[in-house]
Amino acid sequence: MQFVDEASITVEAGKGGNGCLSFRREKFIPKGGPDGGDGGHGGSVYLVGDESLNTLIDFKFQRFYKAENGRPGQGSQMSGRQGEDLYVKVPVGTIVIDVETLEVIGDVTEVGQELKVAQGGRRGLGNVHFKSSTNRAPRRTTQGTEGDRRELRLELKLMADVGLLGMPNAGKSTLIRAVSAARPKVADYPFTTLVPNLGVVKIGSHEHFVIADVPGLIEGASEGAGLGLRFLKHLTRTRLLFHVVDVMPVDESDPVAAVEMIAAELASFSPALAELPRWLVINKLDLIAPDERAAKVAEIKQRLGWEGPVFELSAANREGCDELVQAAHRWLVEQRQQVLESEDAAQREREMRERMEQESLARAEERLARRHRRVVEKDVEQDESDDDDDDWDEDDYDVEIEYVR
């Protein structure tokens, strides 16, 4: 199945039913009086988190969702039936943004969570509500109101324990293939990964964690260069980052400069994301002679001033992969245990998550705002071009006008 992490849809809530104009007319009961009932409220539209979905591909084929209208009221003070609410299933991790106002409506983060995105119209009142001592036969009713209609932008963030990041062609896809059942495309040229990939890393019979491979980052990714801004958001849902480094880049670039550049892009996109634990994974050591590996790794660590965990491996040959995943599993178990046992640790994690979410949402709003400005500027340029065509100039005096009776 194709992975789709962005989609645009239109939702429309149901219209409220109109109130009824009616009078009671029964045999032997003169002056029965008004008995028009109320209409029913229009149905609302909700997005619901569903664990069976992991992509927004369905919204590429169906883009319009409408809730049911409320039914009009009837005589004998019978109210119209309320319109059925519409529940649209979305993957957990979906952010909902109003395209017109750029407002972030909400974030579906749990299975079964309901997020109202369009309010149903209010019902109209029947004439029974307008009777009084001075108006025994009111002919007044109210109409049901229209339901909300919204253009929405859905953005999906992957829910994973570990995120892979690094330059294009650093070996991230090869690593996820080596440690999980995921089979992303692998080739000897950069930007082979164009969409994120998820892999489940199994530890024994019952233990596992989820790892996410996102497309390679380049300089300026936090400002929208390449695929970076679109996919950096996925890393905000992870607990641990593997910074994969190609020890022998094909273009003979400096691995240390690549690490520093990626770190700067992380901090620019989200300072909180840059504070996540990050392990240095030096990959493709099979390209170096065994007696030179230790010196090369020591040089990289020394130039970076790296004090965190460092893992040496060759993902293509699966060398060192078991040690990496075992260490990651132990770390994740310890972190979960700390969060369960310590309220301070749980509070710190919640605060960091909130910071990353706010910073990521701010970036999403900026990106949509830039896109909106480009559309507006394009429309203005088109209007100016059309106006130029209509302007009167000296050449227009050459037009011969003939009056026909």
Problem set entry | Spacing of E84 atom CD and R81 atom CZ [to the nearest 0.5 Å] | 6.0 Å
Problem set entry | Atom NZ of K301 with >12 non-hydrogen neighbours under 6.0 angstrom | no
Problem set entry | With R150, the side-chain hydrogen bond (donor to acceptor under 3.5 Å, both in side chains) member among D98, T10, T101 | D98
Exercise. Quick check: does any side chain N or O of D246 sit under 3.5 Å from a backbone N or O of M248, one acting as donor and the other as acceptor?
Worked result: yes
For this session: Dump the intermediate steps for side-chain contact (heavy atoms from CB on, under 4.5 Å) on L304 and E260, then the final yes or no.
Result: CA-CA 8 Å; L304 286 172; E260 293 173 341; 3.8 Å; yes
Problem set entry | Side-chain heavy-atom pair V210, V201 within 4.5 angstrom cut-off | no
Problem set entry | Check: F130 and L125 side chains under 4.5 Å, non-hydrogen atoms | yes
Problem set entry | Sub-4.5 Å side-chain heavy-atom contact between E155 and T94 | no
Exercise. Can you name the nearest heavy-atom pair linking R139 to L21, along with the distance?
Worked result: CA-CD1, 3.4 Å
Exercise. Can you tell me if CD on E351 sees more than 12 non-hydrogen neighbours from other groups inside 6.0 Å?
Worked result: yes
For this session: Over all heavy atoms of both residues, which pair between A258 and M167 is shortest? Give the atoms and the distance, please.
Result: CB-CG, 3.6 Å
For this session: Would you please test L240 and L276 for side-chain contact (heavy atoms from CB on, under 4.5 Å) and show each step?
Result: CA-CA 6 Å; L240 175 64; L276 272 184; over 6 Å; no
Problem set entry | Side chain proximity check, L152 to V11, heavy atoms < 4.5 angstrom | yes
Check residues 322-340 and write down every donor-acceptor pair under 3.5 Å in which the side-chain atom is one partner and the other belongs to a residue at least two apart or another chain.
from, atom 1, to, atom 2, distance (Å)
H329, NE2, E207, OE1, 3.3
R336, NH2, D161, OD1, 3.3
Q337, NE2, E341, OE2, 2.6

For this session: Would you indicate whether the side-chain heavy atoms of R136 and K131 approach each other to under 4.5 Å?
Result: no
Exercise. Rounded to the nearest 0.5 Å, what separation is found between the OG atom of S253 and the CE atom of M261?
Worked result: 9.0 Å
Seminar exercise, completed: Between the CD1 atom in I282 and the NZ atom in K296, the distance rounded to the nearest 0.5 Å is 9.5 Å
Problem set entry | Heavy-atom side-chain contact between D254 and R303 under 4.5 Å | yes
Problem set entry | For the student: nearest non-hydrogen atoms of A315 and C321, plus distance | CA-SG, 4.1 Å
Exercise. Does any N or O in the side chain of R71 come within less than 3.5 Å of the main-chain N or O of G39, such that one atom is a donor and the other an acceptor?
Worked result: no
Problem set entry | Heavy-atom closest contact (S44 atom, A13 atom, distance) | CA-CB, 4.3 Å
For this session: Show the numbers, then the answer: is there a salt bridge (charged side-chain N to carboxylate O under 4.0 Å, His left out) between R350 and E343?
Result: CA-CA 10 Å; R350 285 195 294 268; E343 180 59 32; 2.8 Å; yes
Exercise. Quick check: does any side chain N or O of Q82 sit under 3.5 Å from a backbone N or O of N69, one acting as donor and the other as acceptor?
Worked result: no
For this session: Show the numbers, then the answer: is there a side-chain contact (heavy atoms from CB on, under 4.5 Å) between L266 and L241?
Result: CA-CA 11 Å; L266 282 182; L241 299 177; 4.2 Å; yes
Exercise. Are a donor atom and an acceptor atom from the side chains of N18 and Q143 found within less than 3.5 Å of each other?
Worked result: yes
Exercise. If you round to the nearest 0.5 Å, how far is CG of L115 from CD1 of I95?
Worked result: 11.5 Å
Exercise. Just by modelled atom types, is the R278 backbone N or O under 3.5 Å from a matching donor or acceptor in the H243 side chain?
Worked result: no
Problem set entry | N/O donor-acceptor pair under 3.5 Å between D85 side chain and Y46 backbone | no
For this session: Determine whether V96 and L47 make a side-chain contact, defined as any pair of heavy atoms from C-beta on separated by less than 4.5 Å.
Result: yes
Problem set entry | Check against side-chain hydrogen bond (donor to acceptor under 3.5 Å, both in side chains), D35 and S22 | CA-CA 5 Å; D35 68 349; S22 174; 2.8 Å; yes
For this session: Please step through side-chain contact (heavy atoms from CB on, under 4.5 Å) for the pair F209 and K202, ending with a clear verdict.
Result: CA-CA 7 Å; F209 64 87; K202 293 186 178 181; over 6 Å; no
For this session: Check the surroundings of atom CZ in R63: do more than 12 heavy atoms from other residues, nucleotides or ligands lie under 6.0 Å from it?
Result: yes
Seminar exercise, completed: dist R123:CZ -> S79:OG (nearest 0.5 Å) comes out at 6.0 Å
For this session: Could you tell me whether R293 and E312 make a salt bridge, using a distance below 4.0 angstrom between a side-chain N and a carboxylate O?
Result: no
Problem set entry | Test item: side-chain donor near acceptor, S52 and D50, under 3.5 Å | yes
Exercise. Who pairs with R122 by salt bridge (Lys or Arg N to Asp or Glu O under 4.0 Å), at least two apart in sequence or on another chain?
Worked result: none
Exercise. Do the charged groups of E349 and R239 touch, with an N to O distance under 4.0 Å?
Worked result: yes
For this session: For the residue pair L164 and L175, establish whether any side-chain heavy-atom pair is separated by less than 4.5 Å.
Result: yes
Exercise. Is the side chain of N283 donor-acceptor paired with the backbone N or O of V244 at a distance under 3.5 Å, no angle test?
Worked result: no
Exercise. CD/E275 to CE/M352 distance, rounded to the nearest 0.5 angstrom?
Worked result: 4.5 Å
Exercise. What closest approach, in Å, do A7 and F59 show between heavy atoms, and which atom pair accounts for it?
Worked result: CB-CB, 3.7 Å
Problem set entry | D38 to G126 - nearest heavy-atom pair and separation | OD1-N, 2.9 Å
Exercise. Strictly by modelled atom types, are T141 and N127 linked by a side-chain donor-acceptor pair under 3.5 Å?
Worked result: no
